[in-house]
Colleague: 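Dumping the structure here so I can ask a few things about it.
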Amino acid sequence: MTTVTINPSEQLIKAAAAEVTVTDAKGRVLTLRKPGVLAQYRFIEAIGGEAAKNEIYMAMTMPLIYVAAIDGNPVIMPSNKRQVDALIQQLDEEGVAAALTGVQANFGAPNPEEDKEALKKP
């Protein structure tokens, strides 16, 4: 019998690479993957200064960067506000709702302090 022990940093890496799928009310399958921290910074840059200052807008749009594919078709990370708007329009109300629910259920709120503590454990 073989026992495999996964240390905390391996668990965090594995969790970061995990993909989940959710189906929206239109029957589209959305593949969700946790974005890296650089992707999050680039997203904020893409939406622009004024929108980035709007907490409600950020709360509504930030989970959309988890959308890696729609019906198996890759989603390119938006690099400007027009592309962010196009992604929102492509997802429409049903896709946005499914993405928000899927991110919350499968990835939860990021907790950098908890991640730091997990990495310190042997």
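Predicted, not measured: the structure shown is a model, and the values here were computed from it.
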Colleague: Counting only heavy atoms not in E45, do more than 12 sit closer than 6.0 Å to its CD atom?
Modeller: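 Counting other residues, nucleotides and ligands, CD of E45 stays at 12 neighbours or fewer.
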Colleague: Grab the two heavy atoms, one from L100 and one from M60, that are nearest each other, plus how far apart they are.
Modeller: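 Of all heavy-atom pairs spanning L100 and M60, the closest is CD2-O, 3.7 Å.
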Colleague: Indicate the atoms forming the closest heavy-atom contact of G102 with V22, along with that distance.
Modeller: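 Looks like CA-CG1, 3.8 Å.
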Colleague: Can you confirm whether more than 12 heavy atoms, excluding those of R28, are under 6.0 Å from its CZ atom?
Modeller: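 Yes, because the 6.0 Å sphere around CZ of R28 holds more than 12 heavy atoms from other groups.
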Colleague: Suppose the criterion is side chain to side chain donor-acceptor pair (under 3.5 Å): which pairs have a residue in residues 87-103, not counting sequence neighbours?
Modeller: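 Non-adjacent pairs meeting side chain to side chain donor-acceptor pair (under 3.5 Å): K26-D92.
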Colleague: Return the minimal non-hydrogen interatomic distance between G27 and D71, and the atom names on each side.
Modeller: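 Smallest heavy-atom distance, with atoms named: O-OD1, 4.4 Å.
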Colleague: For Y57 and K81, which heavy atoms make the closest approach, and how far apart are they?
Modeller: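 Heavy-atom minimum between the residues: OH-NZ, 3.5 Å.
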Colleague: Indicate the atoms forming the closest heavy-atom contact of L87 with P78, along with that distance.
Modeller: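 Taking L87 first and P78 second, the nearest heavy atoms are CD2-CG, 4.1 Å.
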Colleague: Once you round to the nearest 0.5 Å, how far does CD1 of I44 lie from CE of M58?
Modeller: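 So the CD1 of I44 and the CE of M58 are separated by 4.5 Å.
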Colleague: Measure the NZ-OH distance between K34 and Y66 for me, rounded to the nearest 0.5 Å.
Modeller: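 It is 5.5 Å, given to the nearest 0.5 Å.
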Colleague: Within this structure, what is the CE-CG distance for the pair M77 and L64, rounded to the nearest 0.5 Å?
Modeller: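 CG of L64 is found 10.0 Å from CE of M77.
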Colleague: Output all residues satisfying side-chain hydrogen bond (donor to acceptor under 3.5 Å, both in side chains) with T23, sequence neighbours left out; order by chain, then residue number.
Modeller: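 Result, side-chain hydrogen bond (donor to acceptor under 3.5 Å, both in side chains) vs T23: none returned.
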Colleague: Are any side-chain N or O atoms of N73 and backbone N or O atoms of A69, one a donor and one an acceptor, separated by less than 3.5 Å?
Modeller: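 Not confirmed, N73 side chain does not pair with A69 backbone.
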Colleague: For the CG atom of L30 and the CG atom of L91, what is their distance to the nearest 0.5 Å?
Modeller: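 Separation between the atoms: 6.0 Å.
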Colleague: For M62 versus F43, what's the shortest heavy-atom pair and its separation?
Modeller: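 Closest approach of M62 to F43: SD-CD2, 3.8 Å.
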Colleague: Run the side-chain hydrogen bond (donor to acceptor under 3.5 Å, both in side chains) test against N80 and tell me which residues pass, sequence neighbours left out.
Modeller: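 Applying side-chain hydrogen bond (donor to acceptor under 3.5 Å, both in side chains) to N80 gives none.
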Colleague: For the CG atom of L32 and the CD atom of E19, what is their distance to the nearest 0.5 Å?
Modeller: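 Reported to 0.5 Å precision, the distance equals 9.0 Å.
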